[in-house]
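Quantities reported herein were computed from a predicted structural model and do not represent experimental measurements. Order of the sequence lines sets the chain letters (A, B, ...), proteins ahead of strands, with each chain counted from 1.
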Number of protein chains: 2
Amino acid sequence: MARKTRTTNTPLDQTRIIQTALQLLDEIGLKELSMNKIANKLQVKTASLYYHIQDKDELMGLLADRISSSMEWPDSSLSWREQLGLWGESFRKVLLSHRDTVDLFNSSIASGYDRLKQVERLYALLSSVGFPDQQVPWVASILKNYVLGFVGEEVRLRLNAEQGAISNAELSERYNQYYSQLPSEEFPTVIRLASYTTNSDWAKEFEFGLNVLTEGLAVKLQ
Amino acid sequence: MARKTRTTNTPLDQTRIIQTALQLLDEIGLKELSMNKIANKLQVKTASLYYHIQDKDELMGLLADRISSSMEWPDSSLSWREQLGLWGESFRKVLLSHRDTVDLFNSSIASGYDRLKQVERLYALLSSVGFPDQQVPWVASILKNYVLGFVGEEVRLRLNAEQGAISNAELSERYNQYYSQLPSEEFPTVIRLASYTTNSDWAKEFEFGLNVLTEGLAVKLQ
DNA sequence: ACCTGAACACCGTTCAAGT
DNA sequence: ACCTGAACACCGTTCAAGT
């Protein structure tokens, strides 16, 4: 048997597990990310992970926390509209910095220190702007969900676009799937707008939506 | 061996599989829903399912489609604000009618006939209201994501509430988890608003958010 | 204190074979 | 045409045992 050339093993710990898991996440995606594969990459038996971590759920939470720790925050001297705009861009950027982050954020419930810190900052911002206490969590939730939802869809559609178009051609196939011979008059608007659903300027669309929210919030603030 | 009392097996087909899967979903939740368990409930071997269905992903898509088929649509004679309000309530109601629907909708990409039909109707509504073609898919996406995000959080928090409170007591534990001795001054706003993050009137909060969106959209329509 | 061997109870999917 | 037996390549998790 060949002796394994193993450069003196650094001892395992949470940080190293998280690091490796994050790297692997970007290589293979969330669906393929398994405890076995993480252990393998660390040149360690799977069971070893469980000495440093409770279970996969906890690890996912730590991953999400680690990712959200790199959020950048807008200068509080700016206007609240500008701050919200920059916050949104920053959050979106963080979510796009790794693969499948939206699913990761949605799956892990327990928020660690870093995610709580994000909440704290957003709450503080909204509170200082003048939203009544009861509405602050509501508004924060709206904003967070907007970004998560948007980026989730952005990533999905970008992937589809790479794999070669969901547009008109495939669209007409899709409803024949269920009802053998559907009149195309069933989906006039979808068909008419098909060209707009595919490629687009994501940054611009993101800004549009965030602006809708901001305008709506401004009304509430009056 | 006891003879199994099996009331003359109805032949398997997609509809029956979907029906059973949906039932099982409500009993055990999406995470526990497996091909094996579905087959079991149908008194059939797991492999049999694959004669009627391509894979689990397809089944999840069919499930989501089936669920969204029970959407009710507002009368088109109403004002657009009223229509959007009713649409939102209807969508939320549909999502709350089964367990883990938000995860289900987020996981299944391919939309079948019924989900496409929902898109068509929403597009048509927005288009008739006066949104320019390019913005119609954007606005539809914002609205859809709002409802999905809201209900997702609603379900998560309701579950936490049942299992006994995430409030102040446990909160202070949570950041000690990462930094051994955190001054509670790190999260003043979160702590101050803790009572508002827990229990609340969900319907009212939902309406609030939808109203923010509507107001923002009204600005865009001018 | 830290890691492993071995086992447990599962997954989703395929495919030749039976009826 | 419809279903199954048997196998494949995986999962996450536990726990007594080794060092």
Side-chain angles (χ1 to χ4, degrees), chain A residues 1 3-22 24-25 27-64 100 103-104 106-110 180, chain B residues 1 3-22 24-25 27-64 100 103-104 106-110 180:
Chain A
M1 302 226 181
R3 193 157 56 88
K4 280 202 192 146
T5 327
R6 236 199 239 182
T7 45
T8 50
N9 266 345
T10 333
L12 209 52
D13 62 358
Q14 275 207 9
T15 320
R16 232 157 70 76
I17 294 176
I18 294 171
Q19 229 169 5
T20 309
L22 200 52
L24 206 52
L25 173 68
E27 292 171 16
I28 63 180
L30 188 60
K31 279 210 115 179
E32 288 295 310
L33 186 66
S34 74
M35 299 302 271
N36 288 329
K37 287 175 186 163
I38 294 167
N40 223 316
K41 185 153 194 168
L42 284 160
Q43 285 179 295
V44 136
K45 298 300 158 193
T46 311
S48 311
L49 299 177
Y50 289 85
Y51 184 80
H52 303 276
I53 249 155
Q54 279 238 325
D55 51 22
K56 198 185 178 185
D57 269 0
E58 194 194 54
L59 180 54
M60 295 301 110
L62 291 168
L63 235 51
D100 295 338
D103 292 325
L104 186 66
N106 279 332
S107 74
S108 57
I109 322 103
S180 51
Chain B
M1 300 225 183
R3 193 157 56 84
K4 282 199 190 148
T5 326
R6 236 199 239 180
T7 45
T8 53
N9 266 345
T10 332
L12 209 52
D13 62 0
Q14 275 207 8
T15 320
R16 231 157 70 77
I17 294 175
I18 295 171
Q19 228 170 6
T20 309
L22 201 52
L24 207 52
L25 173 68
E27 291 171 16
I28 63 180
L30 188 60
K31 280 211 114 180
E32 288 295 311
L33 186 66
S34 75
M35 299 302 271
N36 289 327
K37 287 176 187 162
I38 294 168
N40 223 313
K41 184 152 195 168
L42 284 161
Q43 285 181 295
V44 137
K45 298 299 157 194
T46 310
S48 311
L49 299 178
Y50 289 85
Y51 183 80
H52 302 276
I53 249 155
Q54 279 237 326
D55 52 22
K56 198 186 179 184
D57 269 1
E58 194 194 53
L59 180 53
M60 295 301 111
L62 291 169
L63 236 51
D100 296 338
D103 293 325
L104 185 67
N106 279 333
S107 74
S108 58
I109 321 103
S180 50

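- For the pair A:Y51 and C:dC2, the criterion of a side-chain N or O lying under 4.0 Å from OP1 or OP2 is met.
- Taking the side chain to side chain contact (heavy atoms under 4.5 Å, CB included) definition, one finds that B:N40 meets it with nothing, sequence neighbours left out.
- For B:T20, the side chain to side chain donor-acceptor pair (under 3.5 Å) criterion is met by no residue, not counting sequence neighbours.
- Contact between the side-chain N/O atoms of A:H52 and the OP1/OP2 oxygens of C:dA1 is not found at any separation under 4.0 Å.
- Shown here for A:V44 and A:S48, the closest heavy-atom pair between the two residues is CG1-CB, 3.4 Å.
- By the side chain to side chain donor-acceptor pair (under 3.5 Å) test, B:N36 is found to be paired with B:T46, residues two or more places apart in sequence or in another chain being considered.
- Rounded to a whole angstrom, the distance from the P atom of C:dA9 to that of D:dC10 is 22 Å.
- Under the salt bridge (charged side-chain N to carboxylate O under 4.0 Å, His left out) criterion, the residue pairs touching residues 33-44 of chain A are A:E27-A:K41, A:E32-A:K37, with sequence neighbours excluded.
- Between A:A64 and A:S108, the closest heavy-atom pair is CB-OG, 3.7 Å.
- Rounded to whole angstrom, the span from the NZ atom of A:K45 across to the C1' atom of D:dT19 amounts to 16 Å.
- In this structure, B:S34 and B:K56 approach most closely via the heavy-atom pair CA-NZ, 4.4 Å.
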field: Bracket notation of DNA chain C in which parentheses pair within the strand, [ ] cross earlier pairs, and | pairs with another strand (Watson-Crick or G-U, under 3.5 Å)
entry: ||.|||||...|||||.||
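- As rounded to whole Å, 16 Å separates atom P of C:dC3 from atom CD1 of A:I38.
- When all heavy atoms of A:M60 and A:L30 are compared, the closest pair comes out as SD-CD1, 3.9 Å.
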- prompt: Can you give one letter per nucleotide of nucleotides 10-16 of chain D, going 5' to 3': B for a protein heavy atom under 4.0 Å from the base, S for sugar-phosphate only, - for none?
  reply: -SSBBB-
